[in-house]
Amino acid sequence: SRIADQHRKLGASADWSRNVFTLDPGIARAVRTTFVNLYNDGLIYRGLRMINWCPRCGTALSDLEVDHVEEAGKLYFIRYPIVGEGGMPLPDYVTVATTRPETMVADTGVAVNPDDERFEERIGRMLLLPLIGREIPVVSDDAVKPEFGTGAVKVTPGHDPNDWEIGKRHDLPVIIAIDLEARMNDEAGPYAGLTVDDARNAIVTALDEEGFLDHVEDYVHSVGHCSRCKTIVQPLPSEQWWLDVRKEYELGRSLSGEAARAVRDGRVRIVPQRFEKDYLRWMDNIQDWCISRQLWWGHQIPVWYCPNKHTVVQVDDPAACPECGEALRQDPDVLDTWFSSGLAPHADLGWPDDTEDLRYFYPTSDMQMGYDIMFFWCARMMQFGLYNMRDRGLEDEVPFRAVLFHGLIRDANGEKMTKSRGNVVDPLISAATYGADAFRYAVLTGAAMGGDQRYQDDRLLAARNFANKLWNSARFVLMKLGDRQVKRPHALDRASYPLEDRWILSRLEQLQLDVDQLLRDYQLGEAAKTIYEFLWNEFCDWYIEMAKVRIAAGDERPLSVLAHVLDYGLRLLHPFMPFVTEELWQALRGHIDGDMPSQLIIAWFPKSGANWKDAGDEAAMEHVIEVNRTIRNIRAEKKLEAGARPKVYLRANGLASALRETEGATAFTSRVEPEITGHEAQLPEGEFAFGRVGDTEIAVALPKVDAAVERARIEKELAESSAHAERLEKQLANETFLSKAPAHVIEGMQATLAETRSKVEGLNARLAAL
RNA sequence: GGGCGAUUAACUCAGCGGCUAGAGUGUCUCCUUUACACGGAGGAGGUCGGGGGUUCGAAUCCCUCAUCGCCCACCA
């Protein structure tokens with residue numbers, strides 16, 4: 001199918017051998033079995049009730065398939081004359097208010113609130129229905145709100161759900177005046193044959209001409225539309241099949257009750273948690289579900305009738321009526337498609353059969369869907385799963401442990417994508433333009449979990465650039481590997497590795513820890529972004545650049561680190577960007593000695609043992625990076641020639657060894673000639689630009705210095721640093737802060753303050769020297 | 001009528017109690033340096049919607065207002 005094709009092209013790593021289709025025989029049997037069980041438990045019944053009817057689709061709809069849209073309409077106030085002795089209308093009347101005057105032809109009563117003094121004497125009297133001439137009674141009913149309209153409401157049991165209930169309570173007749181095509185029928189007398197809209201106009205005009213129309217007010221109210229075709233739905237009484245979701249099928253257990261309980265007691269985790277409230281409110285207030293549809297496509301209801309009014313409800317097609325042997329005719333209606341979808345997790349695994357798949361894979365760990373189908377799908381899977389799996393003794397076993405609700409993708413203007421608007425984006429076109437991996441990454445990181453996002457090309461572009469960056473970095477690693485096969489670096493040999501190796505390996509461990517935690521929290525986008533940042537900003541920007549120096553000098557040890565970090569990086573990124581990572585990994589796998597299966601997709605996912613984790617190494621390397629940034633910053637500000645290789649004096653204390661260890665890298669990546677000394681060392685004669693990182697003083701030799709520009713630069717930096725130091729001092733002088741804040745926060749702040757103070761000192765010294 | 005979400009750099013979005021608020025795109029300067037110009041180096045750009053409160057400390061928690069969006073509801 002088209003959608004399966006899209007899923008494949010976007011890299012969904014599904015087990016396609018277990019692909020199922022709604023109308024597959026296995027699912028059909030699950031549907032029938034469920035129906036029959038629910039029927040036998042008395043939860044499914046056929047009944048005449050108010051339904052939502054779509055005149056265009058020609059079918060009943062469930063409440064969920066009706067969209068309520070606010071519309072500017074009118075409230076019509078109509079006078080219904082009171083009938084006196086001998087059936088003559090009196091000059092007195094009751095005025096009712098309605099938004100649908102055309103339904104008055106089917107009125108069979110007028111209702112008022114029993115406590116409404118204004119109508120006390122009217123209750124029980126008869127009214128003469130204008131235009132039609134039928135006599136209808138005034139009844140009293142609690143459902144009427146005295147403060148709305150006139151306090152009197154016309155009762156149309158045939159065309160209004162409320163009135164249907166009122167009518168039942170007062171034994172009012174039901175008149176149906178609107179047919180299944182939304183046209184007036186013979187009950188509408190002179191208006192028969194008109195559409196609902198035309199009838200409304202004609203009736204209002206007639207009422208006005210004959211003096212029955214009191215007045216008209218503007219009124220905004222919501223009108224139900226078919227969610228599929230947007231046609232205004234008609235409330236109609238109709239014989240349909242219903243599922244009673246509140247009725248107990250066992251002591252204390254009902255479909256909605258169990259589905260709500262599973263979430264309340266945490267057996268099912270809803271992510272993000274805020275959707276839990278929506279789910280529970282809906283489940284707690286649920287009404288019977290109209291499950292029959294008058295459509296040609298779907299699972300036909302497994303109910304048969306014979307001419308002698310016998311009804312057969314069973315899973316397998318019956319040959320003849322078991323009671324009288326007459327021929328049977330199957331109910332022509334089909335089930336709401338969500339009835340079968342709701343069986344997904346267990347029916348897909350073979351239920352009602354006792355299959356190995358069902359035993360092994362049920363329940364599903366994580367379920368995922370857009371929040372817009374939470375009630376349609378998630379809610380039904382919960383209900384049916386808990387109900388059906390009782391036959392395995394799993395009455396408390398949920399269909400899935402967690403359900404993730406993601407947001408919707410909107411167009412660049414934030415509009416919902418719809419076929420009618422024509423603003424729908426074909427994911428395959430995006431994938432063809434930017435790559436499926438880029439599409440996946442962009443969509444995954446485009447919004448926080450559960451939030452909607454706008455489809456913007458620049459997000460795709462950024463993701464595509466990342467794929468390209470990854471590709472090129474891997475190309476570099478492979479090029480340097482040549483035909484070598486390397487062993488993974490081993491933490492026991494850590495002392496023999498230089499700082500940058502220890503650093504990137506420590507960072508890689510941290511990445512694994514971070515990704516693991518993020519995935520546990522279902523922060524998929526954050527996990528992807530974290531990997532992106534590691535690979536680009538740490539691996540590519542620093543490690544590869546630094547490794548080049550040693551490789552150029554003939555040192556082969558960085559190759560093992562490069563290969564290992566790339567391997568783990570690809571593994572971590574694979575779930576997010578399966579295509580590039582698999583492709584690159586295929587090229588890489590032969591170069592690493594160790595557990596390298598035939599495909600990345602089946603390779604284990606890295607999980608940190610924290611063997612390389614070393615805070616000291618990370619801090620030292622961070623220092624080196626900052627020193628380099630400062631040097632480059634000075635280069636840029638001083639507008640030094642790109643090809644110039646100025647002398648740089650680094651006067652350091654604590655981190656002097658780290659700087660020495662990475663001296664070659666500094667020389668290469670920042671294009672300078674560094675000289676690392678202690679603080680006591682004297683600078684040679686000449687002009688310098690100064691910087692400072694921690695307790696490392698940086699002096700970049702310059703051709704000549706513009707004192708004014710240098711002073712301005714230092715002053716700006718001084719102002720920022722002083723302000724920062726002041727804030728920290730103030731905070732650290734605060735007794736309450738010191739007593740209440742956690743120790744690590746205070747220590748961190750003290751360290752920062754010390755660093756900031758020495759920076760200020762250094763800046764002041766340089767300013768004085770100028 | 002209830003409920004939820006959003007409001008952070010020019011744009012699209014992260015961050016959701018702690019150390020000078022981040023990313024991508026765009027923009028400015030420099031660089032065709034031997035993986036990558038779909039690139040590299042550096043920079044500019046934000047009183048985190050308004051107002052109040054809680055706290056040693058708030059973009060982050062509470063209240064309130066505003067604007068936008070969504071969901072639910074038998075709104076004659």
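Chain naming here is simple, since letters A, B, ... match the order of the sequence lines and numbering starts at 1 in each.
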[options]: which one has an atom nearest the side-chain heavy atoms of [X]?
X      : options             : value
A:K716 : B:G42, B:A44, B:A35 : B:A44
A:K469 : B:A14, B:G18, B:G40 : B:G40
A:R475 : B:C75, B:G42, B:C36 : B:C36
A:D541 : B:A76, B:A35, B:G40 : B:G40
A:Q456 : B:U12, B:C72, B:C70 : B:U12
A:K740 : B:G15, B:A35, B:C56 : B:C56
A:F375 : B:C71, B:A76, B:A35 : B:C71
A:K639 : B:A73, B:A14, B:U29 : B:U29

Without decimals, in angstroms, what is the distance between [X] [atom1] and [N] [atom2]?
X      : N     : atom1 : atom2 : value
A:L732 : B:C56 : CG    : C1'   : 11 Å
A:R671 : B:U34 : CZ    : C1'   : 11 Å
A:E729 : B:G57 : CD    : P     : 19 Å
A:Q453 : B:C11 : CD    : C1'   : 15 Å
A:R410 : B:G69 : CZ    : P     : 10 Å
A:H221 : B:A73 : NE2   : C1'   : 16 Å
A:E165 : B:A76 : CD    : P     : 14 Å
A:E526 : B:G15 : CD    : C1'   : 7 Å

Within the 4.0 Å heavy-atom criterion, would you say [X] contacts the bases, only the backbone, or no part of the nucleic acid?
X      : result
A:P235 : nothing
A:A448 : sugar-phosphate
A:V477 : nothing
A:A412 : nothing
A:G748 : base
A:G446 : sugar-phosphate
A:A741 : base
A:F466 : nothing
A:R464 : base

- With A:H68 via side chain to side chain donor-acceptor pair (under 3.5 Å) - residues at least two apart: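 Result, side chain to side chain donor-acceptor pair (under 3.5 Å) vs A:H68: none returned.
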- Residue list, side-chain contact (heavy atoms from CB on, under 4.5 Å) with A:K759, at least two apart or on another chain: A:R692, A:E717, A:S721, A:L763
- Output all residues satisfying side-chain contact (heavy atoms from CB on, under 4.5 Å) with A:A379, sequence neighbours left out; order by chain, then residue number. A:Y279, A:W282, A:M283
Just by distance, no angles: are the side chains of [X] and [Y] close enough, under 3.5 Å, to form a donor-acceptor pair?
X      : Y      : answer
A:K154 : A:T103 : yes
A:D67  : A:S227 : no
A:T669 : A:R632 : yes
A:R459 : A:T445 : yes
A:S62  : A:E65  : yes

- Query: Using the P atom in both, what is the distance from B:C31 to B:G18, to the nearest Å?
  - Reply: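 It comes out at 42 Å once rounded to the nearest Å.
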- Distance between the P atoms of B:C61 and B:A6, in whole angstroms?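 Taking atom P in both B:C61 and B:A6, they lie 9 Å apart.
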- For RNA chain B, list all stems, counting runs of three or more consecutive pairs where every pair is Watson-Crick or G-U wobble with both distances under 3.5 Å. B:1-7 with B:66-72, B:10-13 with B:22-25, B:27-31 with B:39-43, B:49-53 with B:61-65
- Message: On RNA chain B, compare the nucleotides closest to A:E637 and A:S473; which residue's is nearer the 5' end?
- Response: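 Of the two residues, A:S473 wins.
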- Task: For A:N628 and for A:M479, find the nucleotide of RNA chain B with the closest heavy atom, then tell me which residue's nucleotide is more 5'.
- Result: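 That would be A:M479.
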- Item | Base of B:A35 paired with side chain of A:K548 (donor-acceptor, under 3.5 Å) |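 Looking at the base of B:A35, it does pair with a donor or acceptor on the side chain of A:K548 (distance under 3.5 Å).
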- Side-chain donor/acceptor contact of A:E545 with base of B:A41 under 3.5 Å: no
- Item | Distance flag, aromatic centroids of A:Y532 and A:Y441, threshold under 6.0 Å | yes
- Ignoring hydrogens and angles, tell me if any N or O in the side chain of A:R671 forms a donor-acceptor pair with the backbone of A:T666 under 3.5 Å.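 Side chain of A:R671 to backbone of A:T666, a donor-acceptor pair under 3.5 Å: no, none is there.
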- A:N633 vs B:G43: side-chain N/O to OP1/OP2 distance below 4.0 Å: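 Yes, such a contact exists.
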- Message: Taking 4.0 Å as the cut-off, does a side-chain nitrogen or oxygen of A:R454 come that near to OP1 or OP2 on B:U12?
- Response: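 The answer is yes; a side-chain N or O of A:R454 sits under 4.0 Å from OP1 or OP2.
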Show the distances under 3.5 angstrom between N or O atoms of the protein and N or O atoms of nucleotides 1-10 of chain B.
unit_1, atom_1, unit_2, atom_2, d
B:G3, O2', A:R281, NH1, 3.1

What nitrogen or oxygen pairs link the protein and nucleotides 20-25 of chain B at under 3.5 Å?
unit_1, atom_1, unit_2, atom_2, d
B:U20, OP1, A:H724, NE2, 2.5
B:U20, O4', A:R727, NH2, 3.4
B:U20, N3, A:H724, ND1, 3.4
B:U20, O4, A:H724, ND1, 3.3

- Message: Counting neighbours of CD on A:Q273 that are heavy atoms of other residues, nucleotides or ligands and sit closer than 6.0 Å, is the number greater than 12?
- Response: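 No, because the 6.0 Å sphere around CD of A:Q273 holds 12 heavy atoms or fewer from other groups.
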- Determine whether A:T108 and A:V174 make a side-chain contact, defined as any pair of heavy atoms from C-beta on separated by less than 4.5 Å. no
